[in-house]
There are 2 protein chains.
Amino acid sequence: MTEEIQVDDHGKLKCSIDYTLNKVGGKWKLVILWHVTFDGTQRYNELRRLLPGITHKMLSQQLKELEQDGLVVRTQYNEMPPRVEYSVSEKGLTLKPVLEAMHLWGTEQGGLAGE
Amino acid sequence: MTEEIQVDDHGKLKCSIDYTLNKVGGKWKLVILWHVTFDGTQRYNELRRLLPGITHKMLSQQLKELEQDGLVVRTQYNEMPPRVEYSVSEKGLTLKPVLEAMHLWGTEQGGLAGE
DNA sequence: CTGTATCCCCCTTGATACTG
DNA sequence: CAGTATCAAGGGGGATACAG
């Protein structure tokens, strides 16, 4: 299969894997999606807690991109102090198979436990 | 699920997604694995053709890491001119569900075709 | 053909301070 | 609490040359 490789005008590869990586590639996005998908709606600071090592800037940046791509939903409550919640969108839920496959692989390959 | 977040001594997240990203994250590895998995064994230069935009350095570097992680197998023929073939390993095949999930998602979200 | 080594630029990321 | 702005630093990645 896949004998025909799709290439655009600039010579860039256009395979579906590539497309997916462009949307959710990088160090953080899939982990963020994992949490909002399986742990449910999270506040901004809760996400910080869940993602040790992430910086302020990275988190807000990645969240903004995920929101712009329609993968997460941002809900702001105009209270004092402010409260903002992030949840997975319908579209974001379509990534569940990807998340589950990666979770399963990481688990089976010994990613967790006393290593 | 997953209320217990695994963290190591250095405060780094230790979830299975994270583990997987460490092994096959980045711009190229999953695409390389896609090709050797579904298009079969490939020579070095064939891979270059299949991955428009990749540089010499990146390809050999990524291949080396994939080989060291046991995900691809490198076979060298001592001929003249040299010939080296890369194929997916048994362990590499365990990533098939991940590749398929990402391929499906990329396809459904309109990653291919006239966009 | 299949790499490795070197140099170097730039882009991502981090740290910090500031805002609503 | 939930961000944004700014600046600086580091390293990932590119171009090129060289090697087996």
Acceptor/donor pairs from residues 58-68 of chain B side chains to any protein atom, 3.5 angstrom cut, sequence neighbours excluded:
{"from": "Ser60(B)", "atom 1": "OG", "to": "His56(B)", "atom 2": "O", "distance (Å)": "3.3"}
{"from": "Ser60(B)", "atom 1": "OG", "to": "Lys57(B)", "atom 2": "O", "distance (Å)": "3.2"}
{"from": "Glu65(B)", "atom 1": "OE1", "to": "Lys29(B)", "atom 2": "NZ", "distance (Å)": "2.6"}

Study note, to complete from the structure: So the contacted stretch of DNA chain C, first to last nucleotide with an atom under 4.0 Å from a non-hydrogen atom of chain B, runs from dC1(C) to dC7(C)

Check your understanding: Heavy atoms under 4.0 Å, any strand shown: does Ser60(B) hit a base, just sugar-phosphate, or nothing?
Key -> base

**Study point:** Heavy-atom check, side chain of Ile54(A) versus side chain of Val31(A), under 4.5 Å
**Key:** no

Revision key, fill the gap. Nearest heavy-atom approach of Glu100(B) to Phe38(B) is CG-CZ, 3.8 Å

Exercise for review: Kindly compute the distance separating SG (Cys15(A)) from CG (Leu51(B)), expressed to the nearest 0.5 Å.
Suggested key: 8.0 Å

Exercise for review: Evaluate the side-chain proximity of Gln42(A) to Leu50(A): yes if any heavy-atom separation is below 4.5 Å, no if none is.
Suggested key: yes

Review point. Any side-chain heavy atom of Val88(B) within less than 4.5 Å of one from Lys96(B)?
Key: no

Exercise for review: Could you give me the CA-CA distance, side-chain angles and deciding distance for Lys23(A) and Thr20(A), then say whether side-chain contact (heavy atoms from CB on, under 4.5 Å) is met?
Suggested key: CA-CA 5 Å; Lys23(A) 291 298 181 185; Thr20(A) 303; 5.9 Å; no

Review point. Backbone N or O of Gly70(B) within a donor-acceptor pair of the Ser89(B) side chain at under 3.5 Å?
Key: yes

Practice item. Could you check Asp39(A) against Glu46(A) for side-chain contact (heavy atoms from CB on, under 4.5 Å), going step by step and ending with a plain yes or no? Key: CA-CA 11 Å; Asp39(A) 297 334; Glu46(A) 286 173 337; over 6 Å; no

Review point. Counting only non-hydrogen atoms, which of residues 65-89 of chain A are less than 4.0 Å from DNA chain D?
Key: Arg74(A), Pro81(A), Pro82(A), Arg83(A), Val84(A), Tyr86(A)

Practice item. Say whether, by atom type as modelled, one donor and one acceptor occur between the side chain of Lys91(B) and the main chain of Asp69(B) under 3.5 angstrom. Key: yes

Check your understanding: For DNA chain D, which nucleotides open and close the run of contacts to chain A, 5' to 3', at under 4.0 angstrom from a non-hydrogen atom?
Key -> dC1(D) to dC7(D)

Practice item. Take the C1' atoms of the five end pairs on each side of the helix from dC1(C)-dG20(D) to dG20(C)-dC1(D), derive the two axes, and give their angle rounded to 10 degrees. Key: 50°

Check your understanding: Would you say the side chain of Arg74(B) lies within less than 4.5 Å of the side chain of Val84(B), judging by non-hydrogen atoms?
Key -> yes

Point to revise | Whether Thr41(A) side chain and Ser87(A) backbone form a donor-acceptor pair below 3.5 Å | key: no

Practice item. Select from Lys64(A) and Met58(B) the residue whose nearest nucleotide in DNA chain D is closer to the 5' end of that strand. Key: Lys64(A)

Practice item. Would you please name every residue forming a side-chain hydrogen bond (donor to acceptor under 3.5 Å, both in side chains) with Glu79(B), sequence neighbours left out? Key: Arg83(B)

